[in-house]
Amino acid sequence: MPDTPQAPLIGVPADVKEIDGYRWHAAAEPYLRAIVSGFGGVPLILPSMADAIDPGSFLDRIDGVLLTGSRSNVHPERYGQQADPASEPYDPARDAASFGLIAAALRKGVPLFAICRGMQELNVALGGTLISELQEREGRHDHRAPVSDIQAERFAIHQDVAIAADGQLAGVLGPGTIRVNSLHRQGIGDLAPGLAVEALAPDGTIEAVRVVGAPGFAIGVQWHPEYWVKSDAPSAKLFAAFGEAVRAHMAARTSPATAAE
Ligand SMILES: N[C@@H](CCC(=O)NCCCC(=O)O)C(=O)O
């Protein structure tokens, strides 16, 4: 069990959903379990209430941030476009929380791992844009989940992704091509300044990015390593690398040199 004083505490911003007439703040369990099984971390779901709680105020109390995927989309007004029923559902409370966490994590050097919607949030937060309904775009493949009622089939690993030979992920996963799952309708349109491409799909869709010059681990992936973290080597390596970065951050934060500052 990871519940020891040394276990890293990983902040996970909640999605906000209407259930039984209330707004609920929730996160999907596979991300939470991957934090535990991937590197012995302890997940902490953070309420997405940026109107009442500054997301940056969490950053001195957590050791890393994981931005999860979600069926909801970043609101288009965040990147200068109009809301469109075709790109719903939105979750503006999640947007506000994630954008606040991204800014604070990058400012403070807190390791940040962004998955699917999380990578899209990272791109928009740093000034990029998104494109919707990839499968309707000329030359793009269908990146949506396989149609099934069985989650393991929806998260099946079936798509090639080429890892940039000169990027950070090549050091984690090795250069070349890996196979990943794919469950998204949107993708990066204009890449944000300050982001570097770390992986590409065969149709040119950006599948991973890193924040150039980030003081710590700051990686986004469009696929879902959380789902097969126990059985898929690239997925396990990604979470292990995030965990290693988090522990290094914890050590640096408690080092005598830091204390003397
Ligand atoms: N909504 C965005 C991001 C996709 C994403 O995060 N998918 C995770 C949910 C997977 C599922 O259960 O369908 C997009 O569609 O691009």
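Values reported hereafter were calculated over all heavy atoms of this structure, with side chains retained and with hydrogens, waters and symmetry mates removed. Since the model is a prediction, treat every value here as computed from it, not as a measurement.
With hydrogens and angles disregarded, a donor-acceptor distance shorter than 3.5 Å links the side chain of H25 to the backbone of S48. At distances below 3.5 Å, at least one donor-acceptor pair connects side-chain atoms of R179 with backbone N or O atoms of H158.
Between the side chains of D54 and S57, not a single donor N or O lies within less than 3.5 Å of an accepting N or O. For D15 and S70, the side-chain atoms include at least one donor-acceptor pair closer than 3.5 Å.
Legend: residues meeting side-chain hydrogen bond (donor to acceptor under 3.5 Å, both in side chains) with T68, ordered by chain and number and at least two apart, are R94. With sequence neighbours excluded, no residue satisfies side-chain hydrogen bond (donor to acceptor under 3.5 Å, both in side chains) with K230.
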Test side-chain contact (heavy atoms from CB on, under 4.5 Å) applied to I115 and L67, step by step: CA-CA 6 Å; I115 294 174; L67 305 178; over 6 Å; no

Candidate pair Q120 and Q186, rule side-chain contact (heavy atoms from CB on, under 4.5 Å), full reasoning: CA-CA 8 Å; Q120 295 169 359; Q186 298 197 322; 3.8 Å; yes

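Residues L126 and L106 meet the side-chain proximity criterion, which asks for heavy atoms closer than 4.5 Å.
Counting Ile, Leu, Val, Met, Phe, Trp and Tyr side chains that sit under 4.5 Å apart, directly or through other members, W24 shares a hydrophobic cluster with I19, Y22. When hydrophobic side chains of Ile, Leu, Val, Met, Phe, Trp and Tyr are connected at separations under 4.5 Å, F155 ends up clustered with I157, L183, Y227, W228.
With values rounded to the nearest 0.5 angstrom, E198 atom CD is found 8.0 Å from I163 atom CD1. The line from CG of D232 to CG of N181 is 8.0 Å long, rounded to the nearest 0.5 Å. Remark: D160 CG to E207 CD distance equals 10.5 Å, nearest 0.5 Å. Between the CG atom in L134 and the CZ atom in R144 there is a gap of 10.0 Å [rounded to 0.5 Å]. We find the CG-CG distance between L66 and L112 to be 8.5 Å, quoted to the nearest 0.5 Å. The CD1 atom of I10 sits 6.0 Å away from atom CD1 of I35, with the distance rounded to the nearest 0.5 Å.
Ring planes of F239 and F113: perpendicular class, angle over 60° (limits at 30 and 60°).
More than 12 heavy-atom neighbours from other residues, nucleotides or ligands sit within 6.0 angstrom of CD on Q151.
Salt bridge status for R117 with E121: present, with a side-chain N to carboxylate O gap under 4.0 Å. For D60 and K108, the salt-bridge test passes: some basic side-chain N is under 4.0 Å from an acidic carboxylate O.
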Identify each donor-acceptor pair in which a side-chain atom of residues 164-173 lies under 3.5 Å from a protein atom, sequence neighbours left out, and give them as a table.
none

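Under the side-chain contact (heavy atoms from CB on, under 4.5 Å) rule, V65 has a single partner from V12, L46, L59, I102, which is L59.
Identified under the side-chain hydrogen bond (donor to acceptor under 3.5 Å, both in side chains) test for residues 75-88, with sequence neighbours left out: S87-Y90.
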